[in-house]
Amino acid sequence: MTPDLFGDENQTWSEALCPGAVVLRGLAMPDEAALLAALDDIAAAAPFRHMVTPGGFCMSVAMTNCGAYGWVSDRGGYRYDAADPDSGRRWPRMPDVFLRLATDAAARAGFDGFAPDACLVNRYAPGARLSLHQDKNERDLGQPIVSVSLGLPALFLFGGSRRDDKPARVPLTHGDVVVWGGPARLRYHGVMPLKDGLHPLVGGYRINLTFRKAA
DNA sequence: TAGTCGCT
DNA sequence: ACAT
């Protein structure tokens, strides 16, 4: 199934057209205040930073992590590391409110037993973007990806298994959760440059929580 | 190619 | 295309 079949820009995808991928719109967040407070605690312990790609470019998205493992990038490549390279300390533990949200969303998307040990926290300021890429540094590709959107809206690009497959354009906003796994696990994805705005709870940013089973 | 840049 |  190719992403072309999704059709027009504003058309939402469906499980029927994209096996293994689900968008949960406005997922109920039982304790949104606790979620955002936990986010602040993580950023205080492991500050957002702009990582460098193997090509030597500074990423526009600012990142931090929580959980047993964190995704890091430098001139040596991409990898998961139990320690924050900036501090040498372990990443902050994954808050229970994060874990519940991720496992509930995965279960609702048909992936029972998801037990993430890594949560990459991406912060998009206006103009920040992520070019098309695959998540393939995880040990067990049988485990899905759970992506939680907070704050400003963004246009998510969901492509095929080849870089030159035309991506579907999926608008995502605060409270949306995308889950992909199984046949969709290695699909290319990215985010268009963020537009300016102000979210009442999050401010002038989009925050994305990406849950993975890294090890 | 988790990048950027330049030309059609 | 470029360069990692």
Side-chain angles (χ1 to χ4, degrees), chain A residues 2-3 13 18 20-21 23 39 42-43 46-86 91 94 98 102 116-141 143-172 176-181 184-195 205-215:
Chain A
T2 59
W13 68 35
C18 184
V23 183
L39 187 59
I42 290 164
F48 286 103
R49 82 292 305 263
H50 294 273
M51 296 186 187
V52 174
T53 65
F57 296 99
C58 193
M59 297 179 72
S60 60
V61 178
M63 300 176 166
T64 186
N65 291 276
C66 66
Y69 298 96
W71 186 88
V72 294
S73 175
D74 58 26
R75 285 166 188 79
Y78 316 127
R79 64 189 172 278
Y80 284 93
D81 201 316
D84 177 347
D86 281 12
W91 299 102
M94 194 182 300
F98 278 31
D117 56 13
C119 175
L120 173 61
V121 185
N122 291 324
R123 187 184 67 187
Y124 295 74
R129 50 164 291 187
L130 214 52
S131 57
L132 282 182
H133 66 278
Q134 293 172 302
D135 290 11
K136 58 179 180 185
N137 293 109
E138 300 74 31
R139 186 177 184 75
D140 180 5
L141 297 178
Q143 295 302 311
I145 302 291
V146 174
S147 172
V148 177
S149 293
L150 299 169
L152 292 177
L155 201 51
F156 184 60
L157 304 173
F158 199 74
S161 46
R162 297 181 328 185
R163 179 176 287 280
D164 55 15
D165 289 332
K166 183 182 172 183
R169 299 158 70 88
V170 184
L172 295 178
D176 290 345
V177 183
V178 186
V179 181
W180 67 96
R185 179 60 177 75
L186 285 178
R187 292 177 74 136
Y188 279 88
H189 56 281
V191 178
M192 290 288 283
L194 195 79
K195 292 182 197 167
Y205 295 102
R206 170 177 189 255
I207 302 287
N208 178 67
L209 310 175
T210 308
F211 295 91
R212 293 119 178 212
K213 178 82 167 63

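Please read all numbers here as calculations on a predicted model, not as lab measurements. Sequence lines set the chain letters: A, B, ... in the order given, protein chains first and strands last, and positions in each chain run from 1. Heavy-atom basis, side chains included; hydrogens, waters and symmetry copies ignored.
When the P atom of B:dG3 is taken as reference, atom OH of A:Tyr188 falls 13 Å away, rounded to whole Å. A straight line from NE2 of A:His50 to C1' of B:dT4 spans 17 Å, rounded to a whole angstrom. When rounded to the nearest whole Å, the span between CZ of A:Arg163 and P of B:dG3 equals 10 Å. Going from atom CE of A:Met59 over to atom C1' of B:dT4 covers 14 Å, rounded to whole Å. Spacing between atom NE2 of A:His133 and atom P of B:dG3 amounts to 8 Å, rounded to whole angstrom units. Atom CG of A:Leu130 is separated from atom C1' of B:dG3 by 11 Å (rounded to the nearest Å). Per the geometry, CZ belonging to A:Phe57 stands 5 Å off C1' belonging to B:dT4, to the nearest Å.
Looking at heavy atoms from C-beta onward, A:Val148 lies out of side-chain contact with A:Phe98 at the 4.5 angstrom threshold. The shortest side-chain heavy-atom distance between A:Asn65 and A:Asp81 does not fall under the 4.5 Å cut-off. In this structure, A:Leu172 and A:Val23 have side chains that are in contact, with non-hydrogen atoms separated by less than 4.5 Å.
Nearest heavy atom pair, residue A:Asp135 against residue A:Leu141, reads O-CD2, 4.3 Å. The two atoms that bring A:Gly159 and A:Arg187 nearest to each other are O-NE, 2.8 Å, heavy atoms only.
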Symbol by symbol from the 5' end, with Watson-Crick or G-U pairs under 3.5 Å, [ ] crossing and | another strand, DNA chain B is ..||....

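Looking at heavy-atom distances under 4.0 Å, A:Ser73 makes no contact with the nucleic acid at all. Within the 4.0 angstrom heavy-atom criterion, no nucleotide atom of any strand lies near A:Asn122. Contact annotation for A:Arg162: no contact, since no heavy-atom pair falls under 4.0 Å across all strands.
Between the side chain of A:Arg123 and the main chain of A:Arg49, no donor-acceptor pair closer than 3.5 Å is present.
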